[in-house]
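The structure appears below as structure tokens.
Predicted model, so just to flag it, every value in this text is computed and none were measured. In what follows, chains are A, B, ... by sequence order, proteins preceding strands, each numbered from 1.
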Protein chains: 2
Amino acid sequence: MSNSKLYKGSLITIILKLLDESDKMYGYEITQKVKKITQGELNITEGALYPALHKLEAQGFLDVEIAKVENRTRKYYKLTEKGNKETSNKLSELEEYIKTMQTFISPKFSLE
Amino acid sequence: MSNSKLYKGSLITIILKLLDESDKMYGYEITQKVKKITQGELNITEGALYPALHKLEAQGFLDVEIAKVENRTRKYYKLTEKGNKETSNKLSELEEYIKTMQTFISPKFSLE
DNA sequence: ATATATACATAATTTTCTTATGCATATGTA
DNA sequence: TACATATGCATAAGAAAATTATGTATATAT
């Protein structure tokens with residue numbers, strides 16, 4: 001069940017990016033999608049996911065729509081206009097971060 | 001002063017990698033080196049660094065040696081044998097993580 | 001009947017930061 | 001001389017973002 005792989009701070013970016021790709025998604029669907037895409041590498045826990053979705057909604061980045069499918073409740077989330085901007089900001093941040101970290105990983109980063 | 005760029009969990013990896021490159025380093029030196037390498041992108045705060053160094057030492061990954069230079073105290077840290085193993089583990093983890101995150105960033109990651 | 005999958009949620013706790021503060025020495029500058 | 005900045009360590013309070021542990025409920029497969 002555990003991750004130990006999800007660097008703190010990146011869950012929000014993952015959620016936003018997934019919603020950017022597919023018009024709308026519900027929580028459980030996100031956990032399954034992440035598992036599939038990462039081939040089991042990343043497992044989003046519900047204790048992290050749901051509070052994150054609620055926060056994004058409270059910040060006005062997501063709109064929610066409740067649906068009943070096969071007698072079970074789903075909460076579909078989609079990006080607002082504000083959420084679109086936030087997504088590109090978060091993605092830029094992540095790309096920058098990866099570049100920075102790669103300067104550390106590369107065997108010779110010496111700028112002395 | 002603030003970062004907002006240091007994803008939680010990566011500081012330890014940065015410290016270990018730096019110590020892997022240069023035989024021994026002291027705390028303040030690490031903060032300056034990180035600033036230089038990342039061209040100011042990352043600023044390691046002391047409140048994060050020193051506790052992290054103490055923890056790594058307590059875990060047996062670092063040895064410490066106290067020196068007096070120009071009447072000021074320095075605490076030099078170096079990797080133990082155990083620390084070397086931990087370093088390669090942490091670096092592998094980070095590389096894997098970056099690969100995973102890049103599958104999200106890339107415009108089309110659909111495995112459907 | 002029981003386990004597993006689907007679907008949401010929250011509380012307690014832990015980890016890992018930031019921010020703020022403190023102590024002390026050395027050096028450059030107004 | 002006074003004051004700011006740089007060097008060098010440290011810890012405490014608080015915030016953020018996870019994990020772990022629960023809880024509720026329905027559907028389906030064994």
Side-chain angles (χ1 to χ4, degrees), chain A residues 1-16 24-36 40-59 61-62 64-77 90 93-94 97 101, chain B residues 1-16 24-36 40-59 62 64-77 90 93-94 97 100-101:
Chain A
M1 289 294 171
S2 77
N3 260 327
S4 80
K5 297 249 177 79
L6 184 62
Y7 281 51
K8 296 181 183 182
S10 46
L11 175 59
I12 293 294
T13 309
I14 291 171
I15 293 171
L16 292 174
K24 64 175 182 177
M25 293 184 85
Y26 56 99
Y28 186 75
E29 189 184 7
I30 291 175
T31 66
Q32 300 308 301
K33 183 89 173 178
V34 168
K35 200 179 289 183
K36 194 167 221 169
E41 271 293 305
L42 240 53
N43 287 293
I44 304 303
T45 59
E46 295 161 300
L49 178 69
Y50 292 114
L53 287 170
H54 301 160
K55 191 183 172 190
L56 287 169
E57 190 196 347
Q59 289 172 312
F61 298 136
L62 302 184
V64 68
E65 176 204 324
I66 292 166
K68 198 90 176 176
V69 178
E70 281 164 14
N71 216 29
R72 275 189 297 244
T73 301
R74 284 182 187 174
K75 289 178 79 173
Y76 280 101
Y77 292 93
K90 285 289 183 187
E93 260 180 39
L94 177 60
Y97 181 73
M101 291 308 288
Chain B
M1 287 297 169
S2 76
N3 262 328
S4 81
K5 298 249 174 77
L6 183 64
Y7 280 51
K8 295 183 183 183
S10 46
L11 175 59
I12 292 295
T13 310
I14 291 172
I15 293 171
L16 292 174
K24 64 175 182 177
M25 292 183 85
Y26 57 99
Y28 185 75
E29 189 184 8
I30 291 175
T31 66
Q32 300 308 302
K33 184 90 174 178
V34 168
K35 199 178 291 182
K36 194 167 221 168
E41 271 292 308
L42 240 55
N43 285 295
I44 305 303
T45 60
E46 295 159 302
L49 178 67
Y50 292 113
L53 287 171
H54 300 161
K55 190 182 172 192
L56 287 169
E57 189 196 346
Q59 288 171 313
L62 302 184
V64 67
E65 175 203 327
I66 292 166
K68 197 90 175 176
V69 178
E70 283 165 13
N71 216 29
R72 277 189 295 245
T73 301
R74 284 181 186 171
K75 290 179 77 173
Y76 279 100
Y77 291 93
K90 285 290 180 184
E93 260 181 39
L94 177 60
Y97 182 73
T100 298
M101 291 309 289

In whole angstroms, the gap separating P of C/dC17 from CG of B/Leu11 amounts to 5 Å

task: Examine D/dC9: is either OP1 or OP2 under 4.0 Å from a nitrogen or oxygen in the side chain of B/His54? Give yes or no.
output: no

Rounded to the nearest 0.5 angstrom, the CG-CD1 distance for A/Leu49 and A/Ile44 is 7.0 Å

Students often mix this up, so state it plainly: with edges at 30° and 60°, are the rings of B/Tyr97 and A/Tyr7 parallel, tilted or perpendicular?
parallel

Rounded to whole Å, the CD-C1' distance (B/Glu57 to D/dC9) equals 13 Å

note: B/Glu65, atom CD; D/dG8, atom P; distance rounded to Å ~ 15 Å

Separation of C/dT16 atom C1' from B/Lys90 atom NZ, nearest Å, is 12 Å

Here the distance between atom P of C/dA7 and atom CG of A/Leu53, to the nearest Å, is 14 Å

Walking DNA chain D from its 5' end, the first of A/Gly47 and A/Glu70 to be reached, judged by nearest nucleotide, is A/Gly47

Margin query: What contact category does A/Ser10 fall into here, base, sugar-phosphate, or nothing, at under 4.0 angstrom with non-hydrogen atoms?
Written below: sugar-phosphate

Below the 4.0 Å mark, does D/dG8 have OP1 or OP2 next to a side-chain nitrogen or oxygen of B/Tyr26? yes

- With a non-hydrogen cut-off below 4.0 angstrom, is A/Lys55 in contact with a base, only sugar-phosphate, or nothing? sugar-phosphate

Looking only at C/dC8, C/dC17, C/dA26, the nucleotide nearest the A/Lys75 side chain is C/dC8

note: B/Tyr7, atom OH; D/dA17, atom C1'; distance rounded to Å ~ 13 Å

Between CD1 of A/Ile66 and P of C/dA7 the distance, given in whole Å, is 15 Å

| message | With a 4.0 Å cutoff (strictly under), does any side-chain N or O of A/Asn71 reach OP1 or OP2 of D/dA25? | response | no

note: B/Glu46, atom CD; C/dT16, atom C1'; distance rounded to Å ~ 17 Å

With the side chain defined as heavy atoms from C-beta on, B/Tyr28 is closest, among C/dA9, D/dG8, C/dA5, to D/dG8

Between the CD atom in A/Glu93 and the OG1 atom in A/Thr13, the distance rounded to the nearest 0.5 Å is 7.0 Å

With a 4.5 Å cut-off on side-chain heavy atoms, are B/Thr73 and B/Lys68 touching?
yes

Of the candidates C/dT10, D/dA10, C/dT25, the side chain of A/Pro51 sits closest to C/dT10

- Message: If you compare every side-chain N and O of A/Tyr50 against the phosphate oxygens of C/dA9 (OP1, OP2), does one of them come in below 4.0 Å?
- Response: no

Quiz item: Below 4.0 angstrom from OP1 or OP2 of C/dT25, is there any side-chain N or O of B/Lys68?
Solution: no

Are B/Thr45 and C/dT18 close enough that a side-chain N or O sits under 4.0 Å from OP1 or OP2?
yes

One should read off an interatomic distance between A/Leu53 CG and A/Lys75 NZ, to the nearest 0.5 angstrom, of 9.0 Å

D/dG8 phosphate, OP1 or OP2, under 4.0 Å from B/Arg74 side-chain N/O: yes

Of A/Lys24, A/Glu57, A/Met25, A/Glu65, the one forming a side-chain contact (heavy atoms from CB on, under 4.5 Å) with A/Tyr77 is A/Glu57

